[in-house]
> 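This is the structure, below, for whatever I ask next.
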Amino acid sequence: MLKNELKTDLLDKVVSLCKRRGFVYPSAEIYGGFAGFWDFGPYGLALKKNIKALWWKLFVDWREDMYSIDAALVTKREVLEASGHVGGFSDPLTDGSRFNTMFSTSVGAGKEAATAYLRPETAQGIFTNFKNIVDSFHPELPFGIAQIGKAFRNEIAPRDFLFRVRELEQMEVEYFVREKEWQEAFEMWRKKIHEWIQAVGIDSKKVHELEVPDSERAHYSKRTIDFEFDFPFGRKELCGLAYRTDFDLRNHQTMSGVNLSWTDEEMDEQFIPHVVEPSLGFDRTILAVLLSAYTEDEMNGEKRTVLKLAPAVAPVKVAVFPLLKNKPELVKKAREVYQLLRSTLHVTGYTIAWDDNGNIGKRYRRQDEIGTPFCVTVDFDSLEKGDVTVRDRDTGKQERVGIPNLIDRFRKVFV
Ligand code: ATP
């Protein structure tokens with residue numbers, strides 16, 4: 001097989017696993033699909049939830065200088081005029097006319113109706129709330145405002161599964177600094193992005209920094225690093241880090257007529273803060289996570305497919321099985337173990353699943369394909385000795401663990 005075919009093959013395999021196992025479905029599939037739109041099934045949703053929670057921990061909760069916001073998706077025209085999107089957010093068309101990739105809509109009825117847009121990035125809702133956060137919380141500089149949420153881009157050619165979609169989700173921070181501090185902040189977020197790539201389970205050997213040259217940077221940026229990933233269809237942008245200067249706040253100040261400067265009372269000066277922005281696309285993150293995790297190997301002489309997801313993001317953390325479904329005493333004991341794990345781990349957000357479908361081999365195959373780090377089997381010995389078999393997804397190694405020790409065994413890995 002040619003190298004390229006092998007690579008496309010990997011993408012096809014991931015797409016097919018996502019569909020088969022309930023991660024991602026084509027949107028409006030029964031009507032032939034809808035290019036650039038995807039729906040997330042139960043495991044996709046769980047993966048999404050875990051990835052977001054991890055991002056939130058690393059970028060927001062574990063820091064003391066962050067605030068958060070959830071701004072409206074439908075955005076007033078003036079906001080996107082000030083940001084340059086109404087005039088400039090366009091892609092070239094083959095026949096030479098340019099096409100604005102924002103989705104427009106109309107708000108209100110009749111003569112009162114006003115053109116508005118589905119936001120093309122989460123950043124602008126942060127800038128328009130800058131003054132609100134300052135007035136409510138009086139933060140010291142530097143500080144950041146984070147937002148996770150949907151954004152919409154009417155891409156001319158959506159493609160490559162979750163890579164280029166029309167309805168996407170972003171995880172963004174706008175970090176406000178004094179102008180002279182921007183390089184220090186830029187380096188700090190650069191390190192944080194690498195830390196994130198490692199934590200979320202993206203293969204860091206496949207991630208490369210690209211210093212974006214002057215001619216290719218967005219209109220607002222004085223320095224941008226693209227973090228590129230070796231996707232099967234080529235090396236492409238996964239996420240970005242940009243120094244946006246004071247471009248956005250300054251333009252919003254001019255357009256709105258509202259003073260958006262920062263007052264330094266000690267120095268008795270006023271200035272518009274500058275901004276460093278780590279901007280991550282959620283859909284590309286999921287795709288890179290899945291491509292990094294997808295593995296085909298052989299275990300006990302059998303070929304298997306396994307998603308080697310980082311335990312922190314795996315949709316199911318532990319699956320509990322009774323060895324045989326038709327032995328009430330085994331089912332009863334297994335339910336006790338399941339309830340024990342649920343009442344201690346599930347409640348803290350670690351999904352524990354019950355699986356008694358098919359034989360043990362089939363259950364392992366299913367759990368491997370969805371990336372469950374551990375399977376717990378309750379067998380006849382469990383009834384006598386009070387222990388269970390814990391099987392490790394990656395090595396296939398099985399160990400006997402006493403039921404009372406299970407919680408500690410798993411907490412070590414998940415926390
Ligand atoms: P590209 O050059 O690939 O179109 P971009 O430079 O326009 O991307 P940004 O505006 O910097 O992207 O958006 C920040 C992040 O949002 C990107 O790094 C990417 O992860 C994600 N993103 C942007 N557009 C899309 C899209 N159409 N589908 C999926 N993710 C996207």
> Under the salt bridge (charged side-chain N to carboxylate O under 4.0 Å, His left out) rule, collect the residues that match up with D392, sequence neighbours excluded.
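In terms of salt bridge (charged side-chain N to carboxylate O under 4.0 Å, His left out), with neighbours along the sequence ignored, D392 is linked to no residue.
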> Of the options F130, F271, W182, which is the one that meets F176 in a ring pair (Phe, Tyr, Trp, His ring centres under 6.0 Å)?
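Of the listed options, the one satisfying the test is F130.
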> Hey, is K57 close enough to D61 for a salt bridge, meaning N to O under 4.0 Å?
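Looking at K57 and D61, the cut-off is not met.
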> With a 3.5 Å cut-off and no angle check, do the side chains of H85 and Q124 form a donor-acceptor pair?
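Q124 and H85 do not have a side-chain donor-acceptor pair below 3.5 Å.
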> List in chain and number order the residues that pass salt bridge (charged side-chain N to carboxylate O under 4.0 Å, His left out) with D387, two or more places apart in sequence or in another chain; answer none if no residue qualifies.
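D387: salt bridge (charged side-chain N to carboxylate O under 4.0 Å, His left out) contacts with R400.
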> Looking only at side-chain N and O atoms, does H208 offer a donor or acceptor that is under 3.5 Å from a partner on D226?
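Result is no, nothing qualifies.
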> Answer yes or no: is there a side-chain heavy-atom contact under 4.5 Å between V378 and L323?
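No, every pair of side-chain atoms sits at 4.5 Å or beyond.
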> Does the side chain of P158 come within less than 4.5 Å of V165's, by heavy atoms?
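Side-chain contact under 4.5 Å: no.
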> Answer yes if the side chains of D264 and W262 hold a donor-acceptor pair under 3.5 Å, and no otherwise.
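Side-chain D/A pair, D264 to W262: absent.
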> Taking the six-membered ring of W189 as reference, does the cationic atom of R63 (NZ for Lys, CZ for Arg) lie under 6.0 Å from its centre and within 45° of its axis?
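Flagged: R63 positioned over aromatic ring of W189.
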> Can you name the one residue among R217, R223, E277, H274 that meets side chain to side chain donor-acceptor pair (under 3.5 Å) with Y243?
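Testing Y243 for a side chain to side chain donor-acceptor pair (under 3.5 Å) against R217, R223, E277, H274 leaves exactly one candidate, H274.
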> Determine yes or no for a side-chain-to-main-chain donor-acceptor pair under 3.5 angstrom, with K317 supplying the side chain and A312 the backbone.
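Judged by distance alone, yes, a pair lies under 3.5 Å.
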> Could you tell me whether F143 and F137 have their ring centroids closer than 6.0 angstrom?
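Distance test on ring centres: not under 6.0 Å, no.
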> Could you tell me if R153 sits above the aromatic ring of F103, with its cationic atom closer than 6.0 Å to the ring centre and no more than 45 degrees from the axis?
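Verdict for F103: no cation-pi partner in R153.
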> My understanding is that only residues two or more places apart in sequence, or in another chain, count here; which of them pass side chain to side chain donor-acceptor pair (under 3.5 Å) with D39?
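Once residues adjacent in sequence are excluded, the partners of D39 under the side chain to side chain donor-acceptor pair (under 3.5 Å) criterion are S27.
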> For H194 and E209, test the side chains for any donor-to-acceptor distance below 3.5 angstrom and give the result as yes or no.
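Yes, a side-chain donor-acceptor pair sits under 3.5 Å.
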> So does I133 get a backbone contact from the side chain of S136, meaning a donor-acceptor N/O pair under 3.5 Å?
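No, S136 side chain to I133 backbone: no donor-acceptor pair under 3.5 Å.
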> Give me the ring orientation class for Y43 and F23: parallel if the planes are under 30° apart, tilted from 30 to 60°, perpendicular past 60°.
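Tilted.
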> Is there a donor-acceptor pair closer than 3.5 Å between any side-chain N or O of R366 and the backbone N or O of N357?
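Yes: the side chain of R366 pairs with the backbone of N357.
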> Would you say CD of E211 has more than 12 non-hydrogen atoms from neighbouring residues, nucleotides or ligands within 6.0 angstrom?
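More than 12 heavy atoms, drawn from other residues, nucleotides or ligands, come within 6.0 Å of this atom.
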> So which heavy atom on R119 is nearest to which on A72, and how close?
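Of all heavy-atom pairs spanning R119 and A72, the closest is NH1-O, 3.6 Å.
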> Quick check: do L345 and R411 have side-chain heavy atoms less than 4.5 Å from each other?
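Of all side-chain heavy-atom pairs linking R411 with L345, at least one is under 4.5 Å.
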> State, yes or no, whether a side-chain contact exists between E329 and K332 at a heavy-atom distance under 4.5 Å.
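Counting from C-beta outward, E329 and K332 never come under 4.5 Å.
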> With a 4.0 Å cut-off, would you call K412 and D408 a salt bridge?
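A salt bridge is absent here (no side-chain N lies under 4.0 Å from a carboxylate O).
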> Short question: side chain of R391, backbone of E399 - any donor-acceptor pair under 3.5 Å?
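Absent.
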> Can you sort out the partners of R98 under side chain to side chain contact (heavy atoms under 4.5 Å, CB included), two or more places apart, ordered by chain and number?
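Side chain to side chain contact (heavy atoms under 4.5 Å, CB included) list for R98, sorted by chain: S90, P92.
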> Provide the full list of side-chain hydrogen bond (donor to acceptor under 3.5 Å, both in side chains) pairs with a residue in residues 159-173, sequence neighbours left out, each pair given once.
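Checked against side-chain hydrogen bond (donor to acceptor under 3.5 Å, both in side chains) - neighbours excluded - the pairs reaching residues 159-173 are K48-E169, K52-E169, T122-E172, K150-E167, E155-R164, E172-S279.
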> Do Q398 side-chain atoms and T389 backbone N/O form a donor-acceptor pair below 3.5 Å?
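Not at all, since once roles are kept as given, no pair shorter than 3.5 Å links the two residues.
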> Can you sort out the partners of Y294 under side chain to side chain donor-acceptor pair (under 3.5 Å), two or more places apart, ordered by chain and number?
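Once residues adjacent in sequence are excluded, the partners of Y294 under the side chain to side chain donor-acceptor pair (under 3.5 Å) criterion are E296.
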> Does K131 NZ have over 12 foreign heavy atoms under 6.0 Å away?
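Count not over threshold, so no.
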> Which heavy atom of A146 sits nearest a heavy atom of M66, and at what distance?
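It is CB-CE, 3.8 Å.
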> I need the minimum non-hydrogen distance between H252 and V79, along with the two atoms involved.
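Shortest heavy-atom separation between H252 and V79 comes out as CE1-O, 3.3 Å.
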> Just grab all the side-chain hydrogen bond (donor to acceptor under 3.5 Å, both in side chains) pairs involving residues 282-291, residues at least two apart or on different chains.
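side-chain hydrogen bond (donor to acceptor under 3.5 Å, both in side chains) check on residues 282-291 returns no pairs.
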> Quick one: closest heavy-atom pair of I352 and R342, and the distance?
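The answer is O-NH1, 3.7 Å.
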> Please enumerate all residues that pass side chain to side chain contact (heavy atoms under 4.5 Å, CB included) together with C239, with sequence neighbours excluded.
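Side chain to side chain contact (heavy atoms under 4.5 Å, CB included) list for C239, sorted by chain: I193, F227, L280.
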> Assess whether atom CG of N300 is packed by more than 12 heavy atoms of other residues, nucleotides or ligands within 6.0 Å.
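Not buried by this count: 12 neighbours or fewer within 6.0 Å.
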> Taking side chain as C-beta onward, heavy atoms only, is R235 less than 4.5 Å from F229?
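No, side chains not in contact.
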> Taking the side chain as every heavy atom from C-beta outward, state whether F374 and T372 have any atom pair closer than 4.5 Å.
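Sidechains of T372 and F374: no contact.
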> Identify, with sequence neighbours excluded, every residue that meets side chain to side chain donor-acceptor pair (under 3.5 Å) alongside N132.
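Result, side chain to side chain donor-acceptor pair (under 3.5 Å) vs N132: N129.
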> When the aromatic ring centroids of W38 and F161 are compared, is their separation below 6.0 Å?
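Judged by ring-centre distance (under 6.0 Å), W38 and F161 do meet the cut-off.
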> When you look at CD of E184, are more than 12 heavy atoms from neighbouring residues, nucleotides or ligands closer to it than 6.0 Å?
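No - once you tally the heavy atoms of other residues, nucleotides and ligands closer than 6.0 Å, there are 12 at most.
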> Please list every donor-acceptor pair under 3.5 Å in which a side-chain atom of residues 195-203 meets a protein atom from a residue at least two apart or in another chain.
unit_1: D203; atom_1: OD1; unit_2: K205; atom_2: N; d: 3.1
unit_1: D203; atom_1: OD1; unit_2: K205; atom_2: NZ; d: 3.4

> Check the angle between the aromatic planes of F231 and F233 and answer parallel, tilted or perpendicular using the 30° and 60° thresholds.
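Rings of F231 and F233: parallel, under 30°.
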> Has K192 got more than 12 heavy atoms of other residues, nucleotides or ligands less than 6.0 Å from its NZ?
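Result for NZ/K192: enclosed.
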> Determine whether the side chains of Y220 and N251 contain a donor N or O and an acceptor N or O closer than 3.5 Å.
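Checked: Y220/N251 side chains show no N/O donor-acceptor pair below 3.5 Å.
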> For the pair F37 and F34, name the ring-plane relationship: parallel under 30°, tilted 30 to 60°, perpendicular over 60°.
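Rings of F37 and F34: parallel, under 30°.
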> Do D297 and T295 have side-chain N/O donor and acceptor atoms under 3.5 Å apart?
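Looking only at side-chain atoms, T295 and D297 do not form any donor-acceptor pair under 3.5 Å.
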> Sequence neighbours excluded, which residues qualify as side chain to side chain contact (heavy atoms under 4.5 Å, CB included) partners of E181?
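Scan of E181 (side chain to side chain contact (heavy atoms under 4.5 Å, CB included), adjacent residues dropped) gives P142, V177, R178.
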> Keeping the roles fixed (side chain from S221, backbone from A218), state whether a donor-acceptor pair exists under 3.5 Å.
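Not confirmed, S221 side chain does not pair with A218 backbone.
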> In a check of salt bridge (Lys or Arg N to Asp or Glu O under 4.0 Å) between E369 and each of K308, R21, R363, which one passes?
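Single pass found, and it is R21.
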> For T245, give me all partners under side chain to side chain donor-acceptor pair (under 3.5 Å), at least two apart in sequence or on another chain.
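Result, side chain to side chain donor-acceptor pair (under 3.5 Å) vs T245: none returned.
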